[in-house]
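Heads up: numbering here begins at 1 and tracks the sequence. These values consider heavy atoms only, across backbone and side chains, with no hydrogens, waters or symmetry-generated copies. In each ligand, atom 1 is the first atom listed, and ligand 1 is the first ligand listed.
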Amino acid sequence: WAIPSFSERARHWQRIKGTTIGTYAADLTDYDDVVAVLREFRPDAVIHFAEQPSAPFSMLNVATARETQVNNVVGTLNLIWAMRENCPDCHLVKLGTMGEYGTPNIDIEEGFITVNHKGRSDTLPYPKQPGSFYHLSKVHDSHNLIFAAKIWGLRVTDLNQGVVYGVQTEEMSASKLLRTSFHYDATFGTVLNRFCAQAVAGIPLTVYGEGHQTRGFLNIKDTIQCIDLTVKNPPQPGEFRVFNQFTEQFSVLELANLVKGTAAEKGIKVKVESIPNPRTEMERHHYNAVHTRLLDLGLKPHRLSDTLVASMLQEIMEAKAEIDEEVLLPKVNWRVDRTGMVEAEVAAAGGADR
Ligand code: USQ
């Protein structure tokens, strides 16, 4: 659905809430832009969500991989330098991802793990095994942030967020003018949102491979709650914290079956289809990730339920005519087509008959 521009939404928020919100349009990869905004606004906290967020986009070709890593890593690097020079006491709340950890065969801790090695012990950053150039960009960011906290004393919280689902925040339900975009395409849409859109469009739900891939999930409403709690409880100068920001774990197949069951109650017949996995990822693996730090700060999770899926389906049904079925099937393949490479080498060598 069409949404008002960012500044229009800010103006509308101002009208209904009576609070002032300034808006700036700046490019984080332009250092002077970043400095100008910080100098004028003088923030106590910066919530950094300005990264390219799609794993498939980063795996499309060299240009999109480069765009992802330059935008994400250079943008964050500019921001921490600008904070060091202009507001070193400001709290940086940075959007990371649970995908930084990958799917190791041990439980995932909240940022750090205590290791005993050859009779000595240390608490170290949890090992990273990301699954795309996008997820890697967040790993690179995390390392830069750990360093900036240690060397310059910046205060940093890395929010390792899981897969977000949901259509509505409370503000968006109160006014359509505050709506944000809803992505259901194979590149920018996340899995549960996509399954709901596929159900409404009447096409089979695209479970990649076996569908036992398990991830941490959270409702879009809880994303907002988590940021609020993080900003209200800043770290000490020089402290780098990691919060694993998700509320529940599900496999892809569990989500598909939940959507199928809920859609059936609404009279929508849905087929769940396993399609060849376009990604290189484990389809059967251990997954148990600690996520207590935001709960300790007071997070009240909105858990996934059939009523919630029903309300998502309802919301999407109202925009059914606008669904573009073309974008629902995955087009980006993680794998290398070696047959093509051999053919290209043969062609480069002057053709098959040489
Ligand atoms: N999947 C399907 N069918 C689909 C789409 C996805 O089976 O039609 C599977 C994927 O193979 C994957 C899982 O569902 O195993 C999650 O995929 P996703 O596209 O919902 O999420 P992902 O690519 O991991 O990325 C999303 C956001 C990203 C965020 C990340 C959190 O786009 O910004 O960082 O979720 S996490 O996954 O925890 O790293």
### Task
Quick one: look up the protein heavy atom nearest atom 9 (C) of ligand 1 and list residue, atom name and how far away it is.
V252 CG2, 3.7 Å

### Task
For S175, enumerate each residue passing the side-chain hydrogen bond (donor to acceptor under 3.5 Å, both in side chains) test, keeping only those at least two apart in sequence or located in another chain.
H12

### Task
Check whether any N or O atom of V207, backbone or side chain, sits under 3.5 Å from an N or O atom of ligand 1, and answer yes or no.
no

### Task
Run the ring-centre check on Y101 versus Y126 and record whether the distance is less than 6.0 Å.
yes

Indicate every side-chain donor-acceptor pair of residues 294-302 with a distance under 3.5 Å to a residue at least two apart or in another chain.
{"from": "K300", "atom 1": "NZ", "to": "G298", "atom 2": "O", "distance (Å)": "3.4"}
{"from": "H302", "atom 1": "ND1", "to": "D222", "atom 2": "OD1", "distance (Å)": "2.7"}

### Task
Provide, to 0.1 Å, the distance between atom 32 (O) of ligand 1 and the closest protein heavy atom, together with that atom's residue and name.
P53 O, 3.3 Å

#### Entry: Region of Q161 engaging ligand 1 - heavy atom pairs below 4.0 Å
backbone

### Query
Is the closest N or O pair between R279 and ligand 1 shorter than 3.5 Å?
yes

### D107, I108, I106, T123 screened by side chain to side chain contact (heavy atoms under 4.5 Å, CB included) with I113, the one that passes
I106

### Message
Using a 3.5 Å cut-off on N or O atoms only, is V191 in polar contact with ligand 1?
### Response
yes

## Note on the structure
So for Y134 against ligand 1, with non-hydrogen atoms under 4.0 Å, the contacting part is side chain

### Query
Mind checking whether T190 has an N or O less than 3.5 Å away from an N or O of ligand 1?
no

### Message
Are I146 and W81 linked, directly or through intermediate hydrophobic residues, by side-chain heavy-atom contacts shorter than 4.5 Å (ILVMFWY only)?
### Response
yes

### Query
Would you say F188 has any N or O atom under 3.5 Å from an N or O of ligand 1, going by distance alone?
no

### Task
Answer side chain, backbone, both or neither: which part of E100 comes under 4.0 Å from ligand 1, heavy atoms only.
neither

### Query
Considering only the protein, which heavy-atom contact is closest to atom 3 (N) of ligand 1, and what is its distance?
T206 O, 2.7 Å

#### Entry: Those atoms of ligand 1 less than 4.0 Å from some heavy atom in A55
23 (O)

### Query
Quick one: does G162 get within less than 4.0 Å of ligand 1, heavy atoms only?
yes

### Query
Under 3.5 Å, is there a donor-acceptor pair linking the side chains of H140 and S137?
no

### Task
Could you tell me how the ring of F112 sits relative to the ring of F240: parallel (under 30°), tilted (30 to 60°) or perpendicular (over 60°)?
perpendicular

### Query
Just checking, is any N or O donor in the side chain of T64 or Q52 under 3.5 Å from an acceptor N or O on the other one?
no

### Message
Show me which atoms of ligand 1 lie under 4.0 Å from any heavy atom of R215.
### Response
15 (O), 37 (O)

### Message
To check your reading of the model: name the closest protein heavy atom to atom 25 (O) of ligand 1, its residue, and the distance in Å.
### Response
H135 NE2, 4.4 Å

### Message
Using the rule side-chain hydrogen bond (donor to acceptor under 3.5 Å, both in side chains), only one of T157, N233, D44 pairs with H91; which is it?
### Response
T157

### Summary
atom 37 (O) of ligand 1 has as its nearest protein heavy atom V163 CG2, 3.3 Å

### Query
In the protein, what heavy atom is nearest to atom 7 (O) of ligand 1, and what distance, to one decimal place, separates them?
Y208 N, 2.9 Å

### Query
Which residue owns the protein heavy atom closest to atom 12 (C) of ligand 1, what's the atom, and how far is it?
E281 OE1, 3.6 Å

### Summary
Scanning both residues in full, the closest heavy-atom pair of A289 with M98 reads CB-CE, 3.6 Å

### Query
With atoms numbered from 1 as shown, which atoms in ligand 1 lie under 4.0 angstrom from a non-hydrogen atom of G99?
36 (S), 38 (O), 39 (O)

### Query
What is the closest protein heavy atom to atom 38 (O) of ligand 1, and at what distance does it sit?
M98 CB, 3.2 Å

### Query
Under 4.5 Å between any side-chain heavy atoms of E100 and S142, yes or no?
yes

### Query
N/O to N/O below 3.5 Å, does that happen between T97 and ligand 1?
yes

### Task
Would you please classify the geometry between the F188 ring and the H183 ring as parallel, tilted or perpendicular, with 30° and 60° separating the classes?
tilted

## Note on the structure
Numbered in order shown, the ligand 1 atoms found under 4.0 Å of a heavy atom of R194 are 4 (C), 5 (C), 8 (O)

